Each structure stands twice: as structure tokens, then as C-alpha cells.
Number of protein chains: 2
Amino acid sequence: MQRDTSQRRAIRRALEDAGRPLGALEVLEASKGEAPGLGIATVYRNIKALLEEGDISEVALPGEPPRYEAAGKDHHHHFRCARCERVYELGGACLPDLKNALPRGFRVTSHEVLVHGVCAACSKR
Amino acid sequence: MQRDTSQRRAIRRALEDAGRPLGALEVLEASKGEAPGLGIATVYRNIKALLEEGDISEVALPGEPPRYEAAGKDHHHHFRCARCERVYELGGACLPDLKNALPRGFRVTSHEVLVHGVCAACSKR
DNA sequence: CGTTATTTGATACTGTGTTATCATTATCAA
DNA sequence: TTGATAATGATAACACAGTATCAAATAACG
């Protein structure tokens, strides 16, 4: 990935401008205006390259394919709409400040916290 | 699923006794003592049935196959060990009380909050 | 411009987790 | 105990997301 192609520009731009994390198919859709005829393989290829270059980062969701967002943001969390399945970015607040950090009109039905680390048993080895 | 088989008993028991959410293969392993020769298909079948009956619930994780735990627990979160890949149950505390709620010897490297709900745009329809 | 090597798009393929199939085994009501 | 039928185990089939392949298109260098 060293050449500057219209497809690559469109994909990078789509991710930068979205304001929320996008899945591979969302990237495809969002990029088609600027790069008609864009194929899904190219989207995957460029997402991979952008990840390796550190320009975007992966937003992993339980039971769903990952979304991608511009890298370098401050600590923040996400909101997934159960209807449109879009994922939004929430401000930096952690629970239980989260209610206040919600955009107007967003309704919460549940939340999930997953903590990553090393357990006591594994720490001993 | 209406008959009381040794396999079904073993699977239910494994999930009840584990004290932490188990994946399908973990269930298989944990049940083999009580039900030798147990097949993975039977594990999946019974997990599905137990889910439908509401006896267990699914713990979805980003980028991983789901784990399963006894249903009816109070609100709580999970901890995934990066080394052994086991998932543990954490007490009911939400962030930022989470640090105090950690079992002794558990080390946190990161955490994730995912909020579920309906966004403003979808609420309007 | 022309050459060369990278990127693209279409699509075949892969890997992983789960489900379907089906002959065999086991449960359970009579 | 027996007979109907549900559950099991082995494994084939499936679904999905992502990757490899390869001919054609195109960027980048002179």
C-alpha cells in the first residue's frame, strides 16, 4: 500500500468523516460516492493497511463484525443502536457518569462492561 | 428436549458449578467426567435448549465465541484473562468502583463499556 | 508518453463456529 | 418389558467474515 489511489483516499476519508465507527460494509457504502465501482476486497485490504499504519483502530463488538474509527482518540466508549445497528461514539465519561454523557434522545436499555487483564492464577506463572 | 439424559444433566451441572461463564468447548470438557463420550453436537443442542428454557444466558464477547452462565444473576460484568482466555464473573459494581471489586491478584490492562439502546434518529420513527 | 510494478474488482477459497443429517441408543409411559 | 419416539454421536453441511488469486487497470517513475 504505497500508491495514492482514489479508492484508498475515499476509504480513508469515509472513516475520518463518519464521526462514528464504521463496519466494512458501511465503509464500502460511504466510499462509493467518491469511488464508484469500489469492491469489498479493496475495502478490506485498505482497512487492514490503515490498521497497520496506525491510522485507524478497531472497535470490537460482542457477536458482531468489528467497526473501525480514526485512531488517536481519547478514552471513550460506544453506543450501539438496536434498530439501525449503527455504533456511536460516546464522550470520555465512564460509568456511572455515562447517563449524562449521552446525546439527547438516546435511550439506554442496557450496558456491558468487559474488563481485560490477567487473572491471579496466570499472574503466578 | 424433554427427556432427562445423563448428558443433559452433566451439561447443566457443568454450567451451574463452574462459577464463571463457559464456552461450548469448556462445557464439553467440564461435562466429560460425568458423561464420557459426550459429543460437541450434544453440547450445542443442550446449550440452545437451556437458553430457550431460560436456565442459562449468553455472555457475548467481542471477537470471540460466546460463553454461557447460569441465568438469573444480578447485574454484573466480566473479566477476560488475556493468557488463559477464561472469563470470570465480577461483582455487581459498575465502573469506577470496578477496581475495588476485583478479586485479589487480578490485574487490569483495559476495559470496555458498550451501551445498548436506541439512538435519537431511530426513536423518532 | 511509456514502462513497470502496485492496486483493483470479481470471485473462489478458507477458517471458525454452529447446525443438520441420520443411524443408533436410551428414555419413559403403558 | 416393550414400543414409540426423543436424544445422542459422528460427521457432513452451512453461514459468515475475511483472504487469496489473477487478469486488467492505473499510479509513479523516468
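Just so it is clear, the model here is predicted, and its values are computed rather than measured. Chain letters run A, B, ... following the sequence lines, proteins first and then strands; every chain starts at 1.
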(message) Tell me whether the side-chain N/O atoms of Y44(A) come closer than 4.0 Å to OP1 or OP2 in dG18(D).
(response) yes
(message) How many whole angstroms separate atom CD of E64(A) from atom C1' of dG17(C)?
(response) 16 Å
(message) Within the 4.5 Å heavy-atom criterion, are P62(B) and L61(A) side-chain neighbours or not?
(response) no
(message) Connecting only ILVMFWY residues whose side-chain heavy atoms lie within less than 4.5 Å of each other, what is the rest of L15(B)'s hydrophobic cluster?
(response) I11(B), L22(B), L25(B), V27(B), L28(B), L38(B), I40(B), V43(B), Y44(B), I47(B), L50(B), L51(B), I56(B), Y68(B)
(message) Between P on dA7(D) and CG on L50(B), what's the gap in Å once rounded to a whole number?
(response) 12 Å
(request) Check whether the side chain of R45(A) and the base of dG9(C) form a donor-acceptor pair under 3.5 Å. (result) yes
(message) Which residue in the set E89(B), E69(B), R67(B) passes side chain to side chain donor-acceptor pair (under 3.5 Å) when paired with H78(B)?
(response) E69(B)
(message) Measure CZ/R8(A) against P/dT6(C) and give the value in whole Å, please.
(response) 14 Å
(request) Hey, which sits more toward the 5' end of DNA chain C by its nearest nucleotide, R3(B) or I40(B)? (result) I40(B)
(request) Would you indicate, yes or no, if dT7(C) has its OP1 or OP2 atom less than 4.0 angstrom from a side-chain nitrogen or oxygen of N46(A)? (result) no
(message) On DNA chain C, does the nearest nucleotide to Q7(B) precede the nearest nucleotide to G37(A) from the 5' side, or the other way round? Give the residue.
(response) G37(A)
(message) Quick check for you: among dG9(C), dG18(D), dA6(D), whose closest atom lies nearest to any side-chain atom of P65(A)?
(response) dG18(D)
(message) When you measure from the side chain of R12(B) to the backbone of A10(B), do you find a donor-acceptor pair of N or O atoms at a distance under 3.5 Å?
(response) no
(request) Return the 5'-most residue of the pair I11(B), A41(A) with respect to DNA chain D, ranking by each residue's nearest nucleotide. (result) I11(B)
(message) Tell me the interatomic distance from E26(A), atom CD, to dG18(D), atom P, rounded to whole angstroms.
(response) 12 Å
(message) Check R8(B) with E53(B), please: is the shortest side-chain N to carboxylate O separation under 4.0 Å?
(response) yes
(request) Figure out the CZ/P separation between R9(B) and dA7(D), and round it to whole Å. (result) 14 Å
(message) Quick check on dA7(D): is either OP1 or OP2 less than 4.0 Å from any side-chain nitrogen or oxygen of T5(B)?
(response) no
(message) Tell me the interatomic distance from L38(B), atom CG, to dA7(D), atom P, rounded to whole angstroms.
(response) 15 Å
(message) What is the distance, to the nearest angstrom, from the CD atom on E85(B) to the P atom on dG17(C)?
(response) 10 Å
(message) Between C1' on dC29(D) and CG on D4(A), what's the gap in Å once rounded to a whole number?
(response) 15 Å
